[in-house]
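We count ligands from 1, going down the list as the structure has it; atoms in each ligand are counted the same way.
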Amino acid sequence: MGSTVIMDFPGPLAEHPLAATVATAVVVYYVFKRYEPDMPLPLLGLLGVIPGALSAAFYYASSNGLLYTAATTYALYYTTIVACVLAYRVSPFHPLAQYPGPFLHKLSKFRMAWVLFARKEHLGVDITYFKKLHEKYGRYVRIGPNELSICDADAILPVLGAQGFPKGPFWDGRVPPGATRSLISERDPAEHLRRRKVWNRGFSQSALHAYEEIIRDRTVQFVQLLEKMEGSFDLDQWLSYYTFDFMGDMAFGGGFELMRHGDDHTGVIELMDGSFRRNNITAHVPYTLRYLNMLSRSAVTNKFAQFAAERVAIRRREGSVRKDLFHHLIDEDGLEPHPPPMNELMSDGLLAIVAGSDTTSHVMINAFYYLMQYPEMQKRLQAEIDAMFPPGTPPFDLVKQANLPFLNAVLNEAMRLQPPVPNGAQRSTQRIGSRMIGSHYIPDGTQVNINTYALQRDPTYFSPAANEFWPDRWLPEADRAPAFIEKIEKGGFVHDTTAFFPFSFGPAMCVGRPLAYMQMRMAMCAVLQRMTLSLPQGVRDIEDYRLAGRGVCPTLCAVREGSKPLVG
Ligand code: HEM
């Protein structure tokens, strides 16, 4: 009975199985191109049931075995779809055909996911990858079938500014199905604006003032720890503990105590690193998240969610002891018409930890590392700090810290060379239609990333020595060191700060910027007033070590002669 029905149905199709399979696959390819189905049922229908039905029909109409018929049909069916997809992507008919880029990147986003997933140590991919692409292909490079990387300061305003593009699908690949989006992953501009209001309150001048004590306490603890270090130790690791402890205080009123334990006893850093590696795939091929999650809901997500739920419950029950960031996120002052729901609080609390800890520790480890590489610059900074905070004077005054020009120059130069978000924050024309960036046409459905690392090292914007650590470029002419002036005389001076955007730009730029500067200045002042840091003998160049993942920065530290212990 079944066989009669199937044999009747295909008719002439069954006589030309190859043509029938190819024709059906081409139709299905159009369905994918037009509707981009990614839910399990439609996918099962298009990729499982249709070739299954074709195989059955061909089996009944021929004398071939079932296995042979099914294998050849499925293989031809998938090959045709994949061939159509790939041929279109590299064809002159693709809307991004005019943009140059590596062939493999045009074919599939998996290439990009691989590049970001692959770590320098074992796979030969490093942070300079996209910069090199720009050097080879120009300012606009196609890095995905529908994605561009841009190295052009004139694109910052039109892409990231108030009238710019909304956030891209990158964020869909970082939010598991059913989970609540945090502020950073909210792609709807209106909803983002609503959520951002609460965060803005948490970074107002008066809110920041209240955080001073929290930063100070953790910084004193950090310096006291360094004082006890004997021999070479990994400064990167201890900076991570310091920033995680601080953001734990800010986001959930405490909870980590990594510095006190002297190790990652909560597993939070390990969990975060694990989730970053997984995110590198899912953020670039967002539909993989649904399926990876089906296979295993990541332990990271579960543990993080559990931790956040516990902390939110404690805070709801006990209220705040200090006015930390969570005080504002949870709206303890009752300024919102409705209290923020539990799920938003959890995701935003976790976001604060993720966004605020590794980023600041990243800048600090690079700044300290450069100062160890160039001890004369460390001495210069210590002299500036000593002049403002003579030995024995507490170095905690935030206003005075903000008025140290060389300190600010060191931090900005470290962020220029080693931005913690090197490839930029993805935006998309998906929901707004095609746009122009200057004379560049950006079709509907295109993702764009302004590459921070490449742009901030571009000699068009920063000269001389765009790839070298020269804090002097941030100083007024009269304060620059003679060696830098000599460089300028040879090569001319360009310092275009429109191309300096480590915190991004526009309505979704980093909300934590003032807090980051506060913490980084506090740490640098307190550490360098009390200690001198140096690289152990034989360690000179750990170029970009920090950027291929969490690195190791062997460090020696010595208490400075004449300095006094810090007291909180
Ligand atoms: C040097 C340190 C930091 C750097 C370089 C940095 C950089 C960035 C960048 C590039 C973005 C993406 C913005 C965009 O999509 O356009 C971002 C977003 C964000 N950052 Fe930071 N960040 C730093 C520290 C912090 C700190 C201390 C916090 C405190 C919690 C924080 C909280 C956030 C939040 C909540 C967002 C999402 C903003 C939004 O979508 O509206 N960041 N950050």
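- With a heavy-atom cut-off of 4.0 Å, Arg427 touches ligand 1 through its side chain alone.
- Side-chain atoms of Asp324 never come within 3.5 Å of backbone atoms of Tyr211 as a donor-acceptor pair (strictly under, hydrogens ignored).
- A donor-acceptor distance shorter than 3.5 angstrom exists from the side chain of Asp331 to the backbone of Leu335, with no hydrogens or angles considered.
- Within the structure, every pair that satisfies the side-chain hydrogen bond (donor to acceptor under 3.5 Å, both in side chains) test and touches residues 151-163, not counting sequence neighbours, is listed here: Tyr140-Asp152.
- A distance-only check finds no donor-acceptor pair linking the side chain of Ser463 to the backbone of Val494 [under 3.5 Å].
- Near Val363, the atoms of ligand 1 lying under 4.0 angstrom from a non-hydrogen atom of the residue are 1 (C).
- In this structure, Gln519 does not count as a contact residue of ligand 1, since none of its heavy atoms falls inside 4.0 Å of the ligand.
- Considering backbone and side-chain atoms together, Thr360 places no N or O closer than 3.5 Å to any N or O of ligand 1.
- With hydrogens left out, the protein atom closest to atom 36 (C) of ligand 1 is Ile184 CD1, 3.9 Å, a heavy atom.
- Looking at Arg181 and Glu344, their side chains never come closer than 4.5 Å, going by heavy atoms from C-beta outward.
- The shortest separation from a heavy atom of Arg195 to ligand 1 is not under 4.0 Å, leaving the residue out of contact.
- Salt bridge Glu147/Lys109: present, at least one basic N to carboxylate O contact under 4.0 Å.
- Here is the list of ligand 1 atoms found below 4.0 Å of a heavy atom in Pro502: 5 (C), 7 (C), 10 (C).
- Ring geometry, Trp238 versus Tyr241: the interplanar angle exceeds 60°, so the pair is classed perpendicular (tilted spans 30 to 60°).
- Neither side chain, Thr446 nor Arg142, offers a donor N or O lying under 3.5 Å from an acceptor on the other.
- Of the options Ala425, Pro420, Ala352, Gly168, the smallest heavy-atom separation from atom 12 (C) of ligand 1 is shown by Ala425.
- Considering only non-hydrogen protein atoms, atom 13 (C) of ligand 1 sits nearest to Ala508 O, 3.2 Å.
- Selection from Arg196, Lys167, His362 by nearest heavy atom to atom 40 (O) of ligand 1 gives Lys167.
- Within the protein, the N, O or S atoms lying under 2.8 Å from atom 21 (Fe) of ligand 1 are Cys510 SG.
- Protein heavy atom in closest approach to atom 30 (C) of ligand 1: Met247 CE, 3.6 Å.
- Each of Thr128, Asn467, Asn451, Thr452 was compared with Arg457 under the side chain to side chain donor-acceptor pair (under 3.5 Å) criterion, and only Asn467 meets it.
- In this structure, His192 counts as a contact residue of ligand 1, since one of its heavy atoms falls inside 4.0 Å of the ligand.
- The aromatic rings of Phe500 and Trp474 sit perpendicular to each other, their planes meeting at more than 60°, with 30° as the lower class boundary.
- Cation-pi contact between Arg380 and Phe406: present, with separation from the ring centre below 6.0 Å and deviation from the ring axis of at most 45°.
- Phe256 and Phe244 have perpendicular rings, their planes meeting at more than 60° on a 0 to 90° scale where under 30° would count as parallel.
- Proximity of Leu351 to ligand 1 is established by a heavy-atom distance of less than 4.0 Å.
- Remark: Glu135 does not engage Lys132 in a salt bridge, criterion side-chain N to carboxylate O under 4.0 Å.
- Of all atoms in ligand 1, numbered sequentially from 1 with element shown, those under 4.0 Å from a heavy atom of Trp199 are 35 (C).
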